[in-house]
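A short write-up of the structure that comes next.
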Amino acid sequence: MVYMIENVYRQNKSKGAYVPTSYVIGNEKILAVREAPFRQYTYMKIDGDPYVISPPLVKYVETIPDDMPNFFLSELILKGCLVFMTKVEISYKHQLKSAIQLLDDKLKISPIDYLLGVQLPLASLQPDMIRLLRKEKIPAVFVEITGINDLDDMPWGWVKEAFFPYFSTLIPIFTHVDNEKDYRLLQQKWVYYMKKHRLPYVAHPLRNGELINEQTQATIGIYPFKTQLQPGLEANYNFYKRGREITNIEELDVYHYHRERLVISCLRGRVLRAGDWHHPLEGFGKRVMIKTPSYYQLS
């Protein structure tokens, strides 16, 4: 079914304001966008004037709880998070396929989309492991770093060569760091080596439940393909009740300060929540496979 959303308010960053915008949506995708009504079409129309439209939020979920249906609804969908990233933990390459399969099987009931990352010790980031990560198209690798000098001993040039041409984003996990001074030193070293060898990276560890910002989304490869309101991309969006205080704020501020105004959430054009009505579809979610991490660079 093709339908139109007319005159919904969307943030136009170049204009520094929210402007009325119209969308044509069909086959799970945004077909057209313009800052004026589509008078030439006769599709079913939805009046968007009372609302602000915003891309879906993406959350990092460290571990999936046992009560998954309630978790997906209360902690993700009702807060506007329609995509999440989680991970498996391994130490050896022979563990990778089975760990991914187990988590994939567990997430078959997910009503929303997800990405899978892999956590492993820094010492395990060897060429044969990297080639397997590349083969499995793992977009994010969480690297456990325990000692101040561990990063100095890594053959980063070999690491980069092994990742070619699928450069997974490297995300640090600092373990057994006893004080703030060592933490800062380790974080500075991490950024230094990543920049020196031009590896895609996230500068700081991700916290459980943290929203993943646009810059990190772009580095991992999910932005803009699943989290932007552009023609040709998936119809993933949230509607917030429009009000004076919600017309000039950033999208992450909507999550922190205006969640009570969230009224509609759609994933691939399918309504998962509308006001007090919510109907997450078990198994509707898909694992997001990233073809090329860091394909789109934000300035």
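One is the number of the first residue; the rest follow in order along the sequence. Excluded from the calculations below are hydrogen atoms, water molecules and symmetry mates; all remaining heavy atoms, backbone and side chain alike, are included.
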Any heavy-atom pair between the side chains of I77 and H278 that's under 4.5 Å?
no
Y92-L133 co-clustered via ILVMFWY side chain contacts under 4.5 Å | no
Check whether any side-chain heavy atom of V288 lies under 4.5 Å from a side-chain heavy atom of I290, and answer yes or no.
-> yes
When you compare the side chain of F174 with that of E144, does any pair of heavy atoms fall below 4.5 Å? no
Handout entry: is_close_aromatic(Y9, Y18), centroid dist under 6.0 Å
Key = no
Next on the checklist: Quick check on Y192: does its OH atom have over 12 non-hydrogen neighbours (other residues, nucleotides or ligands) under 6.0 Å away?
Outcome noted: no
query: Is it the case that T227 and Q217 place a side-chain donor and acceptor less than 3.5 Å from each other?
result: yes
May I ask you to check if R34 and F38 form a cation-pi contact, with NZ or CZ under 6.0 angstrom from the six-membered ring centre and within 45° of the axis? yes
Next item on the list: Apply the test side chain to side chain contact (heavy atoms under 4.5 Å, CB included) to residues R131 and K93: give CA-CA distance (whole Å), side-chain angles for both, the deciding distance (0.1 Å), then the verdict.
Entry: CA-CA 10 Å; R131 284 190 287 269; K93 66 177 184 178; over 6 Å; no
* To do: Anything under 30° is parallel, anything over 60° is perpendicular, the rest tilted; go ahead and classify H279 against W277.
  => tilted
Value for NZ (K226) from CG (L267), rounded to nearest 0.5 Å, stands at 6.0 Å
Under a single-linkage definition using a 4.5 Å side-chain heavy-atom cutoff for Ile, Leu, Val, Met, Phe, Trp and Tyr, are V33 and M44 assigned to the same hydrophobic cluster? yes
I'd like to know if the side chain of S74 reaches the main chain of N70, judged simply by a donor and an acceptor atom lying under 3.5 Å from each other, with no hydrogens or angles considered. yes
CE (M289) and CG (L116) are apart, to the nearest 0.5 Å, by 8.5 Å
inquiry  = Assigning hydrophobic clusters by single linkage (Ile, Leu, Val, Met, Phe, Trp, Tyr; side-chain heavy-atom cutoff under 4.5 Å), is I53 placed with V19?
reply    = no
Exercise for the section: I would like to know whether L103 and L107 meet side chain to side chain contact (heavy atoms under 4.5 Å, CB included); could you show each step before the answer? Expected result: CA-CA 6 Å; L103 188 52; L107 292 174; 4.0 Å; yes
Between A203 and W190, the two heavy atoms sitting closest are O-CD1, 3.6 Å
query = Is there a donor-acceptor pair closer than 3.5 Å between any side-chain N or O of K59 and the backbone N or O of E75?
reply = yes
Which word best sums up how the rings of H197 and W156 line up, parallel for under 30°, tilted for 30 to 60°, or perpendicular for over 60°? tilted
Distance col, row L122:CG vs D150:CG, nearest 0.5 angstrom, shows 6.0 Å
Is there a side-chain contact between V8 and D49 in this structure, where contact means two heavy atoms from C-beta onward sitting under 4.5 Å apart? no
* Asked: Under a 4.5 Å cut-off applied to non-hydrogen side-chain atoms, are F163 and L170 in contact?
  -> yes
(request) State, with a plain yes or no, whether a side-chain heavy atom of M129 is found less than 4.5 Å away from one of L120. (result) yes
Item to complete: Salt-bridge test for E136 and R134: reply yes if a basic N is under 4.0 Å from a carboxylate O, no otherwise.
Response: no
Checking the side chain of D182 only, and the main-chain atoms of N179 only, is there a donor and an acceptor separated by less than 3.5 Å? no
Here the pair of heavy atoms bringing L262 nearest to L78 is CD2-O, 3.5 Å
Original post:
Is there a donor-acceptor contact under 3.5 Å linking the side chains of Q101 and D105?
Top reply: yes
ask   = Hey, is the main chain of P139 close enough, under 3.5 Å, to the side chain of S168 for a donor-acceptor pair?
value = no
Tell me yes or no: between the side chains of E234 and N236, is some donor less than 3.5 Å from an acceptor? yes
| Quick one: do the S265 and N238 side chains pair a donor with an acceptor below 3.5 Å? | yes
Closest non-hydrogen atoms of H204 and I171, given as atom of the first, atom of the second and distance, are O-CG2, 4.4 Å
When hydrophobic residues are tied together by side-chain contacts of less than 4.5 Å, even through go-betweens, does V143 share a cluster with L199?
-> yes
- Message: Quick check: F84 with Y60 (ring centres under 6.0 Å apart)?
- Response: no
**Asked** Going through the checks in order, is the side chain to side chain contact (heavy atoms under 4.5 Å, CB included) test met by I148 and K189?
**Response** CA-CA 9 Å; I148 294 295; K189 280 190 174 187; 3.9 Å; yes
Separation between CD (Q95) and CG (L102), nearest 0.5 Å, reads 11.5 Å
Answer whether the closest heavy-atom distance between the side chains of E89 and V118 falls below 4.5 Å.
-> no
Answer yes or no on whether R287 is positioned over the face of Y114, meaning its NZ or CZ is under 6.0 Å from the six-membered ring centre and within 45° of the axis.
no
Taking every heavy atom of C266 against every heavy atom of V271, the minimum-distance pair comes out as SG-CG2, 3.5 Å
Any donor-acceptor N or O pair under 3.5 Å, side chains E35, N12
yes
Minimal heavy-atom distance between C81 and L211, with the atoms involved, is SG-CD2, 3.9 Å
dist E62:CD -> T86:OG1 (nearest 0.5 Å) comes out at 8.0 Å
What about L151 and V177, same hydrophobic cluster or not, with Ile/Leu/Val/Met/Phe/Trp/Tyr joined at side-chain heavy-atom distances under 4.5 Å? yes
Tightest non-hydrogen contact, residues E6 and P37, listed as OE2-CB, 3.7 Å
| Do the ring planes of Y295 and F225 sit parallel (below 30°), tilted (30 to 60°) or perpendicular (above 60°)? | tilted
In terms of heavy-atom contacts, does NZ of K286 have more than 12 from other residues, nucleotides or ligands at under 6.0 Å?
-> no
Discussion item. When you measure from the side chain of T216 to the backbone of N213, do you find a donor-acceptor pair of N or O atoms at a distance under 3.5 Å?
Written reply: no
Lys NZ or Arg CZ of R268 over F284 ring: under 6.0 Å, within 45°: yes
Would you say that I46 contacts Y3 through its side chain, given a criterion of any heavy-atom pair below 4.5 Å between the two side chains? yes
Interatomic distance, CG@L115 vs CD1@I138, rounded to 0.5 Å, equals 10.0 Å
- [ ] Applying side chain to side chain contact (heavy atoms under 4.5 Å, CB included), run through L229 and I30 and close with a yes or a no.
- [x] CA-CA 7 Å; L229 304 172; I30 298 172; 4.1 Å; yes
Discussion item. Are there over 12 heavy-atom neighbours, none belonging to K106, within less than 6.0 Å of that residue's NZ?
Written reply: yes
Counting heavy atoms not belonging to N27, are there more than 12 under 6.0 Å from its CG? no
Establish, yes or no, whether a centroid distance under 6.0 Å links the rings of Y296 and Y223. yes
Q: Please check if atom CG in D153 has more than 12 non-hydrogen atoms from other residues, nucleotides or ligands closer than 6.0 Å.
A: yes
